[in-house]
Peer 1: 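Following this message is one structure expressed as structure tokens.
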Amino acid sequence: MIPESVRIVEVGPRDGLQNEPTALGVPDRVALIRDLAQCGLRHIEAGSFVRADRVPQMAETDRVLARLDHNAGIGYPVLVPNMRGLENALDAGAREIAVFAAASETFSLRNINCSIEQSLERFSAVAEKASSRGIRTRGYISCVLGCPYEGAVPPGSVLEVAKRLSDMGCYEISLGDTIGTGTPNATLALIETVASAIPLDNLAVHFHDTYGQALSNILIALQIGVSVIDSSVAGLGGCPYARGASGNVATEDVVYMLDGMGIRHGIDLDLLITAGRTVCALLDRPVMSRVSLARQSKSSGN
Ligand code: MG
């Protein structure tokens with residue numbers, strides 16, 4: 001049941017950087033994305049077409065896209081909040097977009113200022129137009145294992161949102177534990193529920209390590225047969241709208257676990273560690289990858 005190979009979707013340059021207090025300029029963001037591509041990553045979230053006054057970290061994503069090679073077999077999805085964002089993404093040459101819905105009504109209202117239903121109607125129009133232009137759409141669901149306002153989120157609520165995203169044409173649905181409170185049994189119940197209607201091949205998992213549960217939950221997902229994992233180099237990012245929700249799981253740590261399990265992924269861990277340290281130096285923040293820290297203390301002899 002455990003997949004022989006896994007596809008990692010690197011979210012550091014978008015989900016990571018957009019939640020860092022320091023905003024990087026276009027050259028540094030492009031350099032990070034190129035470093036990650038050099039590591040072997042083939043799916044790298046490159047930015048977001050949200051309002052720059054609201055999310056300055058993602059300003060000028062069009063200029064980032066313009067400097068990337070879109071014919072190198074690497075997907076550079078960009079987050080699109082609405083039709084205007086899609087127009088801008090299309091103008092910038094995006095070939096893949098992502099939309100972002102919540103499984104919790106209160107989180108949806110506070111995070112994207114509309115109900116779940118309103119957001120799905122908006123995304124349906126966006127996905128339809130994207131499809132007509134040959135653009136693939138990935139769907140994110142946030143708060144799948146807990147909401148900062150509502151607490152526990154029933155798997156059935158996630159299932160309903162997942163079905164809607166699938167029906168509107170999302171080729172993949174990424175289940176996000178935004179506040180990182182999920183534990184293995186809850187993860188098992190969630191994925192089994194969602195997989196009752198959505199093929200496992202169309203599911204991805206997006207865990208945060210806020211409570212130290214990310215790798216355990218990823219292991220459960222792998223054991224069920226999920227083969228797409230979102231992660232963020234050096235553990236960049238979290239969510240500014242969810243208190244204490246720091247910490248996308250670090251790509252380095254996921255890669256190390258996959259190596260140990262003999263699961264193929266195509267990523268060079270040493271280059272990845274270097275890329276993570278480089279971007280953290282620019283951001284003046286610590287590396288949040290345990291593997292990277294372990295390698296550092298090993299090499300320094302401490
Ligand atoms: Mg995240």
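Atoms within a ligand are numbered from 1 in the order they appear, just like the ligands themselves.
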Peer 1: Would you say Ser232 reaches the Mg ion (ligand 1) with an N/O/S atom under 2.8 Å?
Peer 2: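 False for Ser232.
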
Peer 1: Mind telling me whether Phe107 and Tyr149 have parallel, tilted or perpendicular rings, with 30° and 60° as the class edges?
Peer 2: tilted

Peer 1: State the atom name: nearest N, O or S atom of Asp15 to the Mg ion (ligand 1).
Peer 2: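 For Asp15, the N, O or S atom at the smallest distance from the Mg ion (ligand 1) is OD2.
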
Peer 1: Rounded to 10 degrees, what angle sits at the Mg ion (ligand 1) between His206 NE2 and His208 NE2?
Peer 2: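 Computed angle, vertex at the Mg ion (ligand 1), rounded to 10 degrees: 110°.
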
Peer 1: Name the orientation class of the two ring planes belonging to Tyr76 and His70 (parallel below 30°, tilted from 30 to 60°, perpendicular beyond 60°).
Peer 2: perpendicular

Peer 1: Are any of the side-chain nitrogens in Lys129 or Glu87 under 4.0 Å away from the carboxylate oxygens of its partner?
Peer 2: yes

Peer 1: So, for Leu24 and Arg29, which heavy atoms are closest and what is the spacing to 0.1 Å?
Peer 2: O-CD, 3.2 Å

